[in-house]
Number of protein chains: 2
Amino acid sequence: MDEIYIEEFKKGTVLFQQGDSPTACYFVLKGCVRQYSIDVEGREVTSNFYTEEQAIAVFDHKPDKISNYTFICVEDSVMVVGDLNTEKDMYNKHPQLESMTRKMIEADFAKIQEEFAAFIAASPEERFRLLQLKRPTLIDRVPQHQLASYLGMTPESLSRIKKRINQLNS
Amino acid sequence: MDEIYIEEFKKGTVLFQQGDSPTACYFVLKGCVRQYSIDVEGREVTSNFYTEEQAIAVFDHKPDKISNYTFICVEDSVMVVGDLNTEKDMYNKHPQLESMTRKMIEADFAKIQEEFAAFIAASPEERFRLLQLKRPTLIDRVPQHQLASYLGMTPESLSRIKKRINQLNS
DNA sequence: GTATGATCTTGACTTAAGTCAATGCGCGTT
DNA sequence: AACGCGCATTGACTTAAGTCAAGATCATAC
């Protein structure tokens with residue numbers, strides 16, 4: 001199948017831009033990709049970080065196929081790349097593939113819904129603690145101001161929260 | 001097709017409980033259903049309200065099929081009910097159906113992702129204002145303490161925010 | 001290796017939301 | 001109609017996060 005291949009990306013590479021129609025989907029083998037958008041006030045809002053064994057953007061098919069998000073590598077990364085143009089053909093050729101992707105999306109949907117619920121109920125500090133539990137390595141892999149945005153707080157608050165927690169643990 | 005039918009539910013009816021395996025999926029024709037879960041600290045966290053023309057729980061298929069949420073009618077409601085046990089048969093009989101549900105889920109996934117991003121970036125007051133714009137009628141349809149939980153704030157804060165905003169508008 | 005700019009931290013201060021407690025209101029029940 | 005209960009509002013106070021501004025630190029390019 002030449003529609004699926006493995007590709008390396010340098011840190012800083014943009015997979016696709018807010019406003020573009022994505023032409024491919026990705027699966028992270030190594031590295032880290034940040035998903036963000038620019039909101040109405042011009043602020044950058046980071047909505048996710050994709051790391052090893054996570055799929056990107058398969059589910060970002062809006063009706064008009066235009067993405068609200070930019071995806072950018074925050075580390076040198078290696079990804080499986082799947083061409084979206086041949087997606088329909090693939091489904092026709094392999095009906096089980098559609099069933100498989102549906103199940104993947106359902107699982108991811110359940111996961112984002114759970115994260116959302118946890119996020120709603122938590123204070124900024126609790127959100128940081130949750131991240132420490134769920135994705136401990138992420139905290140040291142990405143720029144702190146982007147992490148702050150991902151956690152829905154200011155960089156200053158994140159800095160203070162980390163300090164507060166470290167003092168308790170020492 | 002006797003696997004799909006229309007049913008009326010009285011206010012207070014529980015569609016299924018946290019911990020249960022859902023046996024049906026629903027589409028709201030009239031009324032309002034609240035989705036919530038009890039978190040580790042025993043607090044009730046409302047994660048959604050489903051109203052007219054919204055589908056429920058089609059996407060809540062976790063691998064083990066057990067729901068983390070309770071769904072309860074907050075109004076007398078009329079819904080289309082689809083039996084989940086026959087789901088697989090239906091897909092086999094009508095392959096296009098799988099394609100259709102996949103697209104629906106993708107659309108809903110994109111929507112929840114967007115809501116999540118908006119929520120992250122917003123303060124409690126901004127979240128209330130967003131709700132006023134996006135779902136203005138919901139505010140007067142549901143109990144305020146549940147709405148507060150849905151917006152990630154205390155009932156007291158919601159009350160004050162509403163007061164604050166009404167004073168500006170008068 | 002140094003310089004430059006970005007990012008992270010820290011400090012002082014403001015503000016909005018949380019907490020706790022009391023009161024008021026609405027609603028359903030009897 | 002009156003009672004009782006749950007819910008909503010209000011008040012006083014605390015606290016955590018936001019804001020603004022100044023340094024410190026880090027990284028990247030030259």
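In what follows, chains carry the letters A, B, and so on, assigned in the order in which the sequence lines appear, proteins first and then strands, with residues in each chain numbered from 1. Values below: every heavy atom of this structure, side chains too, minus hydrogens, waters and symmetry copies.
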Any side-chain N or O of B:Thr154 under 4.0 Å from OP1/OP2 of C:dA17? no
Without decimals, in angstroms, what is the distance between A:Met153 CE and D:dA16 P? 14 Å
5'-most contact on DNA chain D (nearest-nucleotide basis), A:Ser123 vs B:Gln144, goes to B:Gln144
Nucleotide D:dA24, atom P - distance to NZ of A:Lys163 in whole Å: 14 Å
Taking atom C1' of C:dA17 as reference, at what distance in whole Å does atom CD1 of B:Ile161 sit? 8 Å
Could you tell me how the ring of B:Phe119 sits relative to the ring of A:Phe116: parallel (under 30°), tilted (30 to 60°) or perpendicular (over 60°)? perpendicular
Just how far, in rounded Å, is P of C:dG18 from CD1 of A:Ile120? 13 Å
Any idea which of C:dT19, D:dA8, C:dC8 is nearest the B:Glu156 side chain? C:dT19
Taking only residues two or more places apart in sequence, or in another chain, which ones meet A:Ile72 in a side chain to side chain contact (heavy atoms under 4.5 Å, CB included)? A:Val14, A:Arg34, A:Tyr36
Checking B:Glu44 against B:Ser149: is there a side-chain donor and acceptor pair closer than 3.5 Å? no
Below 3.5 Å, does any donor atom in the side chain of B:Arg160 face an acceptor in the base of C:dG18, or the other way round? no
I want to check one thing: is the phosphate of D:dA8, taken as OP1 and OP2, less than 4.0 Å away from some side-chain N or O of B:His145? yes
Spacing of A:Asp140 atom CG relative to D:dC26 atom P, expressed in whole Å: 14 Å
Let me know, please, whether A:Pro155 or B:Glu126 comes out on the 5' side of the other along DNA chain C by nearest nucleotide. A:Pro155
Rounded distance in Å - CD (A:Glu125) to C1' (D:dG18): 16 Å
No-hydrogen, no-angle side-chain donor-acceptor test under 3.5 Å, A:Arg135 and A:Thr51: yes
Roughly how many Å is it from CG in A:Leu158 to P in D:dG18, rounded to a whole number? 10 Å
Tell me whether the OP1 or OP2 atom of D:dA8 has a side-chain N or O from B:Ser159 closer than 4.0 Å. no
Please determine whether a side-chain nitrogen or oxygen atom of B:Lys162 lies at a distance below 4.0 Å from atom OP1 or OP2 of D:dA8. no
Indicate whether OP1 or OP2 belonging to C:dA17 is found under 4.0 Å from a side-chain N or O atom of B:Arg127. no
We want to know whether B:Glu98 and A:Ser99 form a side-chain donor-acceptor pair, criterion being a heavy-atom distance below 3.5 angstrom. yes
Write down the distance between CD (A:Gln167) and P (D:dA16), rounded to a whole number of angstrom. 13 Å
